[in-house]
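Report on the following structure.
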Amino acid sequence: MMPRRTNLRTGWMFGMGTMEEPPEHFEPVALPHDWVHERTVREDVPMGASQGFFPRDGIGWYRLILPVEIEEGKRYFLDFDGVMEDAAVFVNGKPCGDTSVCGWGYTPFRMECTDFLPRMSEQAEILVRVRADHRPADRWYSGAGLYRSVDLLCLPENYLDERDVTVKTYAESTQAVLTIETGTELEVRATLIWSGNAVAQAQGTGPLALTVPSPHYWSAENPSLYTLTLETTSDRIEIPVGIRTVTVGADGKLCVNGKHTYLRGVCVHQDIACVGIAATRDLWRQRLLLLKSIGVNAIRGAHHVHSREFLELCDRLGFYVYEEFTDKWHSGSYNRYFEKEWKADIAAMIRRDRNHPCILFWGCGNEVENQAQPSMLDTLKELTDCIRRMDSSRPVSYAMNPHFKRQSAIDASKAADIQKLVDEADEYEIEDPDERVQCISRIAEYVDVLSCNYQEQWFDRIHKANPEKPILATEVYQYFLGDERNMQNFHTRDMPVFFGEKHPACLGSFIWAGFDYLGESQGWPNKGSTSAPIRSNGSLRAGAQILRCWWRDEPMVRILIMDYSLPDEMTKEHWSTPPYEEIWDFPWIRKQVVPFMIVTNCERVELAFGEKKLYLERKPEERVIYGFVPYVPGRLTATGFIGDQAVCTHTLVTPGQTAQLVFDMPEGMQEAEDVLLTVHAADAQGHPVKRESRMVRFTASEGACIQGVDNGDMACHMSYHGDSIPLYRGQASVLVYRSSCYAITVCAMTDDGISGICRFG
């Protein structure tokens with residue numbers, strides 16, 4: 001008997017064809033798959049900067065031969081979590097379903113294929129045609145292909161559809177109540193399970209209610225999940241449930257389970273550089289655990305619906321999520337789908353995701369054209385009304401660009417560069433802060449929360465004009481706070497990500513962005529955006545240490561030295577931080593002072609160099625100490641004190657010559673199938689050598705294979721799909737796929753024999 005859901009990860013073949021015909025020859029691939037990412041970057045490709053200089057064009061075809069024995073009384077569906085983009089599906093040569101519902105590459109869709117499958121024990125041929133020739137593409141790297149999960153569903157005639165189920169939770173003193181809309185007229189038995197034991201049950205043909213005594217509440221700090229089973233005489237489904245109560249006040253108080261919570265967030269795109277958009281659950285788990293380690297508790301999925309696996313991980317690991325279904329409306333890449341598909345795309349997002357406890361907000365767009373003008377407000381009303389009809393339990397918002405313009409004759413839908421049109425000042429730009437706030441107030445009539453991108457400098461004015469609406473800083477620079485007269489400012493050290501936390505009307509802040517990502521490059525040779533606290537391979541910049549100091553409770557001190565000798569990473573200036581690095585290696589300096597930044601949550605710090613010490617006090621409201629220290633080769637040690645007690649230290653050492661390669665095993669990934677391992681150059685005593693740039697080649701033992709490499713350098717043009725890459729700032733990473741449950745060995749070696757070994761599993 002076929003299981004209810006079968007994942008179709010293996011057995012696929014891929015080739016490039018035409019709109020009318022698949023290719024004559026196919027090559028084997030496994031899902032998820034991004035064919036654009038396999039190509040060589042070139043400076044002259046169309047849309048190069050936005051697409052990471054990967055050539056994005058052509059018509060791709062996927063083929064799967066599936067042995068299926070049809071069971072009488074069963075219905076069969078192909079369930080796609082997203083196809084990039086404009087997919088057409090054929091089963092045994094016949095078009096399957098209404099392909100108009102699967103144009104937008106981020107939208108999940110399901111197609112019934114019962115009538116196209118053979119009735120005997122025969123094979124079914126599944127063909128999926130995917131386009132990558134549309135213009136324009138996204139402003140960020142889009143990729144192309146079957147890049148998310150594809151499942152075959154085998155369901156009874158009268159089946160339960162998990163997308164039609166809605167679960168709402170309410171707290172009542174020492175108990176909680178779950179109300180369940182089952183989406184069917186059949187009699188359903190509902191059972192709530194905790195740690196393998198049934199804690200509540202109900203049965204009936206209409207809405208069901210479950211009373212849960214002494215509930216375990218879900219939050220980012222304690223992501224407790226129940227399992228809800230719904231059963232009929234012919235079907236059974238399971239839904240993870242998090243019991244939580246969320247209130248949002250105009251006073252800036254977001255309360256989760258009665259506790260005031262501030263959203264300490266980052267924005268993320270869906271690509272992971274070494275695999276493009278074909279990111280697996282394990283790779284996202286590794287990234288989310290890294291974000292957790294620096295104190296992040298919230299994520300804005302920008303600017304599209306993310307995968308089902310991503311949201312399941314946010315439920316299980318504990319993150320609050322702002323989910324939005326698109327970027328622009330009547331311009332950019334979504335313009336070709338908006339009029340026909342926006343209702344279906346919103347419905348697909350909400351039906352799939354409304355039972356995730358992690359989701360706190362629905363977003364209906366980002367920095368769209370003609371902000372606050374009548375045409376934009378009409379669309380905003382349509383979208384927000386539609387979302388509220390489908391789910392009234394969460395606030396609805398729209399992320400505002402800080403630029404507002406007077407009504408013009410420019411047709412944004414035909415703009416060659418919509419973001420440039422939206423972002424850059426021109427003769428239509430509104431400069432007066434009060435006039436800007438008037439525009440924001442017009443948008444406030446249609447949203448529940450004022451989602452502001454890069455507008456901290458106007459929060460007082462915004463809140464005064466709209467005292468009933470809380471503010472959410474949906475995008476902030478990580479280091480440079482703007483000025484009321486100049487939103488892109490550089491003289492202040494009052495960092496915007498922490499400014500919001502001090503403002504009484506602000507619910508939270510989301511840094512743009514959490515990780516470096518492909519696309520939105522500042523120009524060749526960089527393949528992507530390089531201003532995040534974390535590089536594409538997981539190595540931490542100074543910004544990550546600043547966040548960890550503010551957002552984690554354990555005592556911490558970290559030394560960061562300003563070093564302009566390291567390669568320019570081509571960051572967009574106001575999104576960047578100064579080039580601070582954990583390095584104490586300046587062989588050309590003889591006792592010249594160098595600037596430092598120490599991040600700490602301790603009361604005071606002692607900084608020792610050579611035989612001398614500096615005694616550094618910090619103001620209670622600040623976590624950063626700036627200063628200068630003479631460069632003396634050897635050791636530079638910072639010790640953090642609370643009262644008279646030394647509670648933490650951090651040491652930088654001037655290294656010797658590279659003598660070994662040392663692997664860092666990411667926390668929580670010992671049992672993973674896919675893991676990104678990082679190796680760093682070290683001297684004989686194990687001190688990191690940040691200036692090392694030798695080429696490194698990786699190998700893996702039986703039971704594993706090398707899937708790709710990355711070193712965090714967006715200007716490196718070596719293939720992600722090889723086994724070799726140069727060390728960048730002394731480190732490089734390898735993506736390993738483990739095909740067995742046994743322990744494996746991964747080796748790294750330079751051309752001149754310097755090596756390192758990692759064993760895990």
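- Contact record, Pro533 with Gly543: CB-C, 3.9 Å, taken as the closest heavy-atom pair.
- Checked by atom type and distance alone, the side chain of Gln51 pairs as donor or acceptor with a backbone atom of Ser142 at under 3.5 Å.
- Here the SG-OH distance, from Cys358 to Tyr320, works out to 11.0 Å after rounding to the nearest 0.5 Å.
- Residues Phe53 and Trp524 place their aromatic rings such that the two centres sit under 6.0 Å apart.
- Ring centroid separation for the pair Tyr454 and Trp512 does not come in under the 6.0 Å cut-off.
- Of the charged side-chain nitrogens involved, at least one lies within less than 4.0 Å of a carboxylate oxygen, so that Asp327 and Arg139 count as a salt-bridged pair.
- Under 3.5 Å, the side chains of Thr750 and Asp752 contain a donor-acceptor pair of N or O atoms.
- Side chain of Thr600 to main chain of Met556: a donor-acceptor pair is present (N/O by atom type, distance under 3.5 Å, no hydrogens or angles).
- Distance alone, capped at 3.5 Å, is enough to place a donor-acceptor pair between the Lys527 side chain and the Cys716 backbone.
- Distance alone, capped at 3.5 Å, places no donor-acceptor pair between the Arg697 side chain and the Ser724 backbone.
- Using a cutoff of 4.0 Å between basic side-chain nitrogens and carboxylate oxygens, Glu309 and Arg285 are not scored as salt-bridged.
- For the pair Ala473 and Val476, the tightest heavy-atom approach, listed with the atom from each and the gap, is CB-CG1, 3.6 Å.
- The shortest non-hydrogen separation linking Asp683 to Pro655 is OD2-CA, 3.5 Å.
- Between Tyr580 and Tyr626, the ring planes are tilted. Angles from 30° to 60° get that label.
- Here Leu283 contributes atom CG and Gln707 contributes atom CD; the two are 9.5 Å apart, rounded to the nearest 0.5 Å.
- Taking the six-membered ring for Trp and the full ring otherwise, Tyr517 and Tyr141 have centroids separated by 6.0 Å or more.
- Rounding to the nearest 0.5 Å gives a distance of 5.5 Å between CG of Leu291 and CD1 of Ile299.
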Give the intermediate values and the outcome of side-chain contact (heavy atoms from CB on, under 4.5 Å) for residues Phe499 and Phe459.
CA-CA 10 Å; Phe499 175 85; Phe459 274 4; 4.2 Å; yes
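- For the pair Lys292 and Phe319, the cation sits on the ring face: its NZ or CZ lies under 6.0 Å from the ring centre, inside 45° of the axis.
- Side chains of Tyr262 and Trp551: no donor on one and acceptor on the other come within 3.5 Å.
- Arg729 places a side-chain N or O within donor-acceptor distance of the main-chain N or O of Pro567, the cut-off being under 3.5 Å.
- Contact detail for Arg300 and Ala399: the closest heavy-atom pair is NH2-CB, 3.2 Å.
- Put simply, the side chain of Cys602 reaches to within 4.5 Å of the side chain of Val647, judged on heavy atoms.
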Evaluate the criterion side-chain contact (heavy atoms from CB on, under 4.5 Å) for residue pair Cys267 and Tyr322; output intermediate values, then yes/no.
CA-CA 9 Å; Cys267 302; Tyr322 178 109; over 6 Å; no
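- Ring geometry for His306 against Phe310 counts as tilted: the plane angle lies between 30° and 60°, on a 0 to 90° scale.
- Within the 3.5 Å criterion, the main-chain N or O of Gly523 finds a donor-acceptor partner in the side chain of Ser521.
- Side-chain atoms of Arg623 never come within 3.5 Å of backbone atoms of Ile546 as a donor-acceptor pair (strictly under, hydrogens ignored).
- No donor-acceptor distance shorter than 3.5 angstrom exists from the side chain of His269 to the backbone of Asp271, with no hydrogens or angles considered.
- Here the closest non-hydrogen pair linking Leu652 and His650 is CD2-CE1, 3.7 Å.
- Here the side chains of Met400 and Thr474 are not in contact, with every heavy-atom distance at 4.5 Å or above.
- In summary, the aromatic rings of His574 and Phe480 are positioned with their centroids too far apart to meet the 6.0 Å limit.
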Show, in sequence, the C-alpha distance, side-chain angles and deciding distance for Ile754 and Met749, and conclude whether the side-chain contact (heavy atoms from CB on, under 4.5 Å) test is met.
CA-CA 6 Å; Ile754 299 172; Met749 182 173 290; over 6 Å; no
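- Annotation for Gln657: atom CD does not count as buried by contact number, only 12 or fewer foreign heavy atoms lying within 6.0 Å.
- For Asp710 and Tyr728, the side-chain atoms include no donor-acceptor pair closer than 3.5 Å.
- In summary, the side chains of His304 and Asp138 do not present any donor paired with an acceptor at a separation below 3.5 Å, with no hydrogens or angles considered.
- Within a 6.0 Å radius of NZ in Lys619, no more than 12 heavy atoms belonging to other residues, nucleotides or ligands are found.
- Counting only N and O atoms by type, the side chains of Arg618 and Asn601 include no donor and acceptor under 3.5 Å apart.
- Between the side chain of Gln286 and the main chain of Leu676, a donor-acceptor pair closer than 3.5 Å is present.
- Counting only heavy atoms from C-beta outward, the side chains of Leu547 and Phe498 approach each other to under 4.5 Å.
- Judged by distance alone, the side chains of Arg691 and Ser565 do bring a donor and an acceptor atom under 3.5 Å apart.
- The pair Glu582-Lys690 fails the salt-bridge criterion, with no side-chain N (NZ, NE, NH1 or NH2) lying under 4.0 Å from an Asp/Glu carboxylate O.
- Inter-residue side-chain proximity for Tyr479 and Pro578 is flagged as met; some heavy-atom pair is nearer than 4.5 Å.
- Closest approach of Ala684 to Ala659, counting heavy atoms only: N-CB, 3.6 Å.
- Atom CD of residue Glu456 and atom CD of residue Glu475 lie 10.5 Å apart, to the nearest 0.5 angstrom.
- Here the side chains of Met669 and Asp282 are in contact, with some heavy-atom distance below 4.5 Å.
- No donor-acceptor contact under 3.5 angstrom links the side chains of Gln488 and Asp483, judged on distance only.
- Using modelled atom types and a 3.5 Å distance limit, the side chains of Thr651 and Thr637 yield a donor-acceptor pair.
- Residues Tyr477 and Asn489 form no side-chain contact, since every pair of their non-hydrogen atoms from C-beta on lies 4.5 Å or further apart.
- Looking at Thr658 and Glu692, their side chains do bring a donor and an acceptor atom within 3.5 Å of each other.
- By the 6.0 Å and 45° rule, Arg604 stacks over the aromatic ring of Phe641.
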Under the criterion side-chain contact (heavy atoms from CB on, under 4.5 Å), I'd like the reasoning laid out for Leu360 against Leu254: C-alpha separation, chi angles, the key distance, then a yes or no.
CA-CA 10 Å; Leu360 298 192; Leu254 169 69; 4.1 Å; yes
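- A side-chain N or O of Glu367 and one of Asn453 form a donor-acceptor pair less than 3.5 Å apart.
- At least one donor-acceptor pair under 3.5 Å links the side chain of Thr530 to the backbone N or O of Glu569.
- Looking at Arg535, Arg287, Arg541 one by one, the single match for salt bridge (charged side-chain N to carboxylate O under 4.0 Å, His left out) with Asp516 turns out to be Arg541.
- For the pair Val557 and Thr639, the minimum side-chain heavy-atom distance is 4.5 Å or more.
- Once rounded to the nearest 0.5 Å, the distance linking CG of Asp585 with CD1 of Ile583 reads 5.5 Å.
- Ring orientation note: the planes of His37 and Tyr720 are close to parallel, at an angle under 30° on the 30°/60° scale.
- Residues Gln731 and Asn537 are in side-chain contact: their nearest non-hydrogen atoms beyond the backbone lie under 4.5 Å apart.
- Between Ser531 atom OG and Gln478 atom CD the span is 6.5 Å, to the nearest 0.5 Å.
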